Participant: 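This structure is in structure tokens; I'll ask about it shortly.
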Amino acid sequence: MSVFVKNPCQTRENNFSPDNILDTCFLILEKVLEHTEKTKKKISSNFDHRHKDSFQIKQDQELEDDSLSLASASTSSDSSSEDESCCILDKYSIDDFILICYKSLEFDEHLLILAMMYLEKLLAKGFILTNENIHKTFFVCMMEAVKFYTDGTYSNKDFAKFCGISSQELIDLEFEFLDYIEYNMNIPDEEYFKYKKRLKNFFNKNIIVEGKYL
């Protein structure tokens, strides 16, 4: 359950705050994953948590929501075993993981919507979102939104360190992402506002159209 909608009696038609957008994104991801589990359709992907190139955050490092930041995340060596590779990715639910990234990367709702649009681009090209790949997948979508639409100063090394993977793995994930969307990073304003309206309609109606992502 999300922590964002503090007043369920608010007039939903007239309010669509950043918190509401987060809630809506969480619910959409939940529905997509439910569909994947029902159909049992899965693909082997570099985005899977236990991909052999992954490596873990130090086992004894306690990560807290209010203290995690790009500056404070520290990683272990690349020699960690495969069984230990997914510490940060398994430690949090996808909702909590996105929230941590959202706060630490100083996201706003516009970048979150762009990340969701990138995710939809992946799904439209046949990418299958699963519980095993959702953390890395959405992280890369968020990272690309930051890199393409802001003047942020984070390097690939910073992003990799935050997520708990090697810089080379992050590069591999980025290339796989770009291959899926055919290197088309641009999102026209018209598409953005149309998508935001769809998110708001979903928030207002709480429905998923069968067979469609949103």
Side-chain angles (χ1 to χ4, degrees), residues 18 22 25 29 45-82 84-92 94-122 125 127 129 132-187 192:
L22 276 163
C25 293
L29 294 175
S45 169
N46 290 337
F47 286 92
D48 290 350
H49 289 188
R50 295 183 181 274
H51 183 260
K52 65 181 180 180
D53 290 334
S54 298
F55 68 102
Q56 71 172 113
I57 296 293
K58 290 181 179 179
Q59 234 176 358
D60 59 349
Q61 182 183 16
E62 291 298 327
L63 300 178
E64 299 296 339
D65 288 8
D66 59 356
S67 62
L68 184 59
S69 68
L70 286 169
S72 65
S74 61
T75 57
S76 63
S77 69
D78 287 344
S79 62
S80 299
S81 70
E82 180 177 347
E84 297 175 332
S85 66
C86 54
C87 178
I88 188 173
L89 302 175
D90 279 349
K91 188 175 180 69
Y92 299 104
I94 185 57
D95 291 5
D96 289 340
F97 181 73
I98 291 174
L99 180 56
I100 291 169
C101 296
Y102 184 90
K103 291 180 177 179
S104 299
L105 298 176
E106 299 179 344
F107 248 50
D108 60 28
E109 65 270 25
H110 308 298
L111 290 173
L112 182 63
I113 291 172
L114 289 167
M116 289 292 291
M117 295 182 75
Y118 283 148
L119 179 62
E120 187 170 82
K121 281 177 175 281
L122 286 176
K125 294 296 183 179
F127 187 87
L129 195 67
E132 288 73 34
N133 65 32
I134 187 171
H135 290 70
K136 288 182 184 178
T137 302
F138 204 80
F139 181 79
V140 171
C141 290
M142 295 176 79
M143 179 186 75
E144 294 303 321
V146 171
K147 291 172 70 171
F148 194 75
Y149 284 98
T150 74
D151 296 324
T153 58
Y154 300 132
S155 66
N156 268 19
K157 183 177 179 181
D158 293 326
F159 284 118
K161 190 175 183 181
F162 173 80
C163 198
I165 60 177
S166 67
S167 296
Q168 183 58 54
E169 181 177 1
L170 186 63
I171 292 171
D172 293 341
L173 295 177
E174 189 169 20
F175 275 118
E176 184 173 343
F177 167 85
L178 292 172
D179 281 340
Y180 263 104
I181 68 169
E182 299 176 345
Y183 289 79
N184 182 13
M185 296 287 294
N186 185 52
I187 296 177
Y192 170 85

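Everything numeric in this text was worked out from a predicted model, so none of it was measured. We count residues from 1, following the sequence as given.
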Participant: Got a second to check how far E176's CD is from E169's CD, nearest 0.5 Å?
Facilitator: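 Those atoms lie 10.5 Å apart.
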
Participant: For M116 and F138: C-alpha separation, side-chain torsions, deciding distance, then whether side-chain contact (heavy atoms from CB on, under 4.5 Å) applies.
Facilitator: CA-CA 8 Å; M116 289 292 291; F138 204 80; 3.4 Å; yes

Participant: Please give me the minimum heavy-atom distance between D48 and K136, naming the atom from each residue.
Facilitator: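 Shortest heavy-atom contact: O-NZ, 3.2 Å.
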
Participant: Not counting sequence neighbours, which residues clear ring pair (Phe, Tyr, Trp, His ring centres under 6.0 Å) with F148? List them please.
Facilitator: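 Applying ring pair (Phe, Tyr, Trp, His ring centres under 6.0 Å) to F148 gives none.
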
Participant: Could you report the tightest heavy-atom contact between V140 and L173, atom names first, then the distance?
Facilitator: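 V140 and L173 have their closest heavy atoms at CG2-CB, 4.1 Å.
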
Participant: Taking atom CD of E120 and atom CD1 of I187, what is their separation to the nearest 0.5 Å?
Facilitator: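 It comes to 9.5 Å.
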
Participant: Using only heavy-atom distances, determine whether the side chains of H110 and Y192 contain a donor-acceptor pair under 3.5 Å.
Facilitator: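 Yes, Y192 and H110 have a side-chain donor paired with an acceptor closer than 3.5 Å.
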
Participant: Would you check, one step at a time, whether the test side-chain contact (heavy atoms from CB on, under 4.5 Å) holds for M185 with L178?
Facilitator: CA-CA 8 Å; M185 296 287 294; L178 292 172; 3.6 Å; yes

Participant: Going by salt bridge (charged side-chain N to carboxylate O under 4.0 Å, His left out), name the residues that satisfy it together with E174, two or more places apart in sequence or in a different chain.
Facilitator: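 Expected list: K147.
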
Participant: Okay, side chain of D158, backbone of S155: is any donor-acceptor separation there less than 3.5 Å?
Facilitator: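 It does hold such a pair.
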
Participant: Return the CG to NZ distance between L119 and K121, rounded to the nearest 0.5 Å.
Facilitator: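 So the CG of L119 and the NZ of K121 are separated by 12.0 Å.
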
Participant: Hey, are the side chains of E144 and I181 touching, using non-hydrogen atoms and a 4.5 Å cut-off?
Facilitator: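 Result no, sub-4.5 Å side-chain heavy-atom pair not found.
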
Participant: Does C101 have any side chain to side chain contact (heavy atoms under 4.5 Å, CB included) partners at least two apart in sequence or in another chain, and if so, which?
Facilitator: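 If we apply the side chain to side chain contact (heavy atoms under 4.5 Å, CB included) test to C101, skipping adjacent residues, the hits are F97, L105, F139, M142, F162.
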
Participant: I'd like to check the ring pair (Phe, Tyr, Trp, His ring centres under 6.0 Å) partners of Y102; sequence neighbours left out, ordered by chain and number.
Facilitator: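 Partners of Y102 by the ring pair (Phe, Tyr, Trp, His ring centres under 6.0 Å) criterion come out as none, since no residue qualifies.
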
Participant: Rounded to the nearest 0.5 Å, what separates atom CG in L114 from atom OH in Y149?
Facilitator: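 Going from the CG atom of L114 to the OH atom of Y149 covers 5.5 Å.
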
Participant: Show your working on side-chain contact (heavy atoms from CB on, under 4.5 Å) between D95 and L99 and close with a plain yes or no.
Facilitator: CA-CA 6 Å; D95 291 5; L99 180 56; over 6 Å; no

Participant: In chain order, what residues pass the ring pair (Phe, Tyr, Trp, His ring centres under 6.0 Å) check against Y118, with sequence neighbours excluded?
Facilitator: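 If we apply the ring pair (Phe, Tyr, Trp, His ring centres under 6.0 Å) test to Y118, skipping adjacent residues, the hits are F177.
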
Participant: Would you compute the distance between atom CG of L111 and atom CG of D108 and round it to the nearest 0.5 angstrom?
Facilitator: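 Interatomic distance, L111 CG to D108 CG, rounded to 0.5 Å: 4.5 Å.
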
Participant: Apply side chain to side chain contact (heavy atoms under 4.5 Å, CB included) to F175 and list each qualifying residue two or more places apart in sequence or on a separate chain.
Facilitator: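 Side chain to side chain contact (heavy atoms under 4.5 Å, CB included) check on F175 returns I171, Y183.
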
Participant: Could you go step by step and tell me if L112 and C25 meet the side-chain contact (heavy atoms from CB on, under 4.5 Å) rule?
Facilitator: CA-CA 9 Å; L112 182 63; C25 293; 4.0 Å; yes

Participant: With rounding to the nearest 0.5 angstrom, report the CG to CG distance, D179 to L122.
Facilitator: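 The CG atom of D179 sits 11.0 Å away from the CG atom of L122.
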
